[in-house]
Number of protein chains: 2
Amino acid sequence: MDPAVTEPVRSRRAARTRAVTGDDREQAILATAERLLAVKPLAEISIDELAKGAGISRPTFYFYFASKELVLLALLDRVVGEARARRDDALDRLAEGPERMWRAAVGAFCATFAEHRAVTSASAVALHTNGEVRAVWSRVMEGFVADTAKAIEAERRRGAAPDGVPARDLAISLNWMVERVLVSTYGGQEPAVPEDRLLDTLLAVFLGAIYRS
Amino acid sequence: MDPAVTEPVRSRRAARTRAVTGDDREQAILATAERLLAVKPLAEISIDELAKGAGISRPTFYFYFASKELVLLALLDRVVGEARARRDDALDRLAEGPERMWRAAVGAFCATFAEHRAVTSASAVALHTNGEVRAVWSRVMEGFVADTAKAIEAERRRGAAPDGVPARDLAISLNWMVERVLVSTYGGQEPAVPEDRLLDTLLAVFLGAIYRS
DNA sequence: GCAAGTATTCGACATAGTGTCGAGTTAAGT
DNA sequence: ACTTAACTCGACACTATGTCGAATACTTGC
């Protein structure tokens, strides 16, 4: 994902001339948002709260962000970069054996989600509410799906995995499963897989779906 | 799910005395909601719209439902009953062979979701917004999960399926997968599995996860 | 067939949140 | 010092929610 697409998060403002203040405020808004998201969903956070938390008035908030969803998006951008890096790292581990690789790949997603659960959970929800969050999330998922499908096809070519339903369809289902299960576990929604069995369970489904004829 | 739990949807009003009018209005609200949900999400439907659509004023709406989420819930209740009936039907098909049974069980979910996509998609979204929808959805999922887990354990006992991760964890993951994949496909969210390959794909994951050692 | 009670209806109000406009202040660059 | 641009906020307009109380309509017991 090129950053350009999610860049126009900030309302206007060009290169920072004034030493700090502007960026400080922006960071203060982001920090406030992250803090509040750990406690309650985005829908229950008013712009006034974000502004107050950053020590500015409500109209001033709009100087920095056009909506609270865009604040979330800025937060999400950070996290996405991290997830991407970890995943790329995992995909290089095919040499260590397929199970190792899949564990690393699924684990990358799980770990990122867990470490930033406030932001990721809120995003998974905002997805249904906000078009821009939906677009970002779709692009992230698309990346994971494409890589997963490629890995499945590679395993099929080398004869390790049997043919079956289209690799891409399988990849889509598996990746959405990961997303949904993580949301239920970390969002406190029942029924949920206990956190400590998360990775083993998801991995079992991956391996079964990919390697069983 | 005992109906009693989701019964107090209506604000008050006891047994209908006045021949029809009251129930008619209530049905009109439900019909309006279902019609609008086919076009836009619940969040974009105002109570005023629902009231106008049913030919009443906004305050009068509150006589019938305490919130628009409760209207959705009433709609969902109908659908849940249908899904439950179909699923029960499917689980009796073990005699026809495991693949047949699983196809029927997953298909029951898919078919219900597809036939009432406006209501089910809206509910899957409201789940993240509304506590009561969340509770109903959780109970429905819990039912599916329990039955799925029981079926997996039965297959394991008769030696058809190998042991592995706890059956319940597997059941949770698989059922959330179905939910999430259906929402993406019917909610027009990318990436999505094309509608006509939905059942085959989900079934492949089920069989792989359950029967692969 | 009417008095009493209950079901139903809505106008009017109170409240909360969003987004915008325009007039201000502050700081940098020249 | 003066211009320009960054930044700030008071005040307004708008939309939606939810509630209260008074009015109307139907039903039932008498």
Side-chain angles (χ1 to χ4, degrees), chain A residues 7-30 32-33 36-37 40-74 122 126 129-133, chain B residues 7-30 32-33 36-37 40-74 122 126 129-133:
Chain A
E7 188 62 32
V9 150
R10 189 185 300 160
S11 308
R12 22 188 163 138
R13 189 149 60 94
R16 70 203 53 76
T17 43
R18 185 186 232 174
V20 280
T21 339
D23 263 5
D24 283 355
R25 291 274 145 85
E26 190 168 324
Q27 291 306 316
I29 293 173
L30 290 173
T32 304
L36 291 175
L37 280 174
K40 53 182 170 181
L42 189 64
E44 284 170 30
I45 300 174
S46 74
I47 289 178
D48 203 37
E49 272 181 295
L50 292 177
K52 288 265 168 54
I56 55 178
S57 71
R58 199 170 56 77
T60 300
F61 168 92
Y62 288 100
F63 180 80
Y64 293 99
F65 296 95
S67 71
K68 59 187 180 183
E69 282 79 14
L70 290 179
V71 175
L72 177 60
L73 215 51
T129 314
N130 182 271
E132 318 184 69
V133 174
Chain B
E7 189 62 30
V9 148
R10 188 183 301 160
S11 307
R12 20 185 166 142
R13 189 150 59 93
R16 69 202 55 75
T17 42
R18 182 186 235 175
V20 279
T21 338
D23 263 5
D24 282 355
R25 291 274 145 86
E26 191 168 323
Q27 291 306 315
I29 293 173
L30 291 173
T32 303
L36 291 174
L37 281 174
K40 53 183 171 181
L42 189 64
E44 285 170 30
I45 299 174
S46 73
I47 288 177
D48 202 37
E49 272 181 294
L50 293 176
K52 289 265 169 55
I56 55 178
S57 71
R58 199 169 55 77
T60 300
F61 168 91
Y62 288 101
F63 180 79
Y64 293 99
F65 296 95
S67 70
K68 59 187 180 183
E69 281 79 15
L70 289 179
V71 175
L72 176 60
L73 215 50
T129 314
N130 183 270
E132 316 183 70
V133 174

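Note that the structure is a prediction, hence the values are computed from the model and not measured.
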Is the shortest side-chain N/O distance from B/Tyr64 to OP1 or OP2 of C/dT9 below 4.0 Å?
yes

Length of the CG-P vector between B/Asp23 and D/dC26, whole Å
16 Å

Hey, what do you get for CZ (B/Arg25) to OG1 (B/Thr32), rounding to the nearest 0.5 Å?
11.0 Å

Any chance you could measure A/Leu70, atom CG, to A/Lys68, atom NZ, to the nearest 0.5 Å?
12.0 Å

Measure CZ/A/Phe61 against P/C/dT18 and give the value in whole Å, please.
9 Å

Tell me every residue that passes side-chain hydrogen bond (donor to acceptor under 3.5 Å, both in side chains) with A/Glu132, counting only those two or more places apart in sequence or in another chain.
none

Return the value, rounded to whole Å, for the distance between atom CG of A/Leu42 and atom P of C/dG17.
14 Å

Interatomic distance, CG@B/Leu72 vs CG@B/Leu37, rounded to 0.5 Å, equals 6.0 Å

Can you check the B/Asp48 CG to C/dC10 P distance for me, whole Å?
12 Å

Nearest 0.5 Å, please: how far is OH in A/Tyr64 from CG in A/Leu30?
11.5 Å

Rounded to whole Å, how long is the line connecting atom CD of B/Glu44 with atom P of D/dT17?
13 Å

Would one find a side-chain N or O of A/Lys68 under 4.0 angstrom from OP1 or OP2 of C/dG17?
no

Rounded at 0.5 Å granularity, tell me how far CZ in B/Phe61 sits from CD1 in B/Ile47.
5.0 Å

Only counting residues at least two apart or in another chain, list the ones meeting side-chain hydrogen bond (donor to acceptor under 3.5 Å, both in side chains) with A/Ser46.
none

Nearest to the side chain of A/Phe63, which nucleotide is it out of D/dT17, D/dA6, C/dT9?
D/dA6

Rounded to the Å, how far apart are B/Leu50 CG and D/dT17 P?
9 Å

What is the distance, to the nearest angstrom, from the CG atom on A/Asp24 to the C1' atom on C/dA27?
15 Å

For atom CD1 of A/Ile47 and atom C1' of C/dT20, their distance in whole Å:
12 Å

Residues in residues 53-60 of chain A with a heavy atom under 4.0 Å of DNA chain D, by number, are A/Ile56, A/Ser57, A/Pro59, A/Thr60

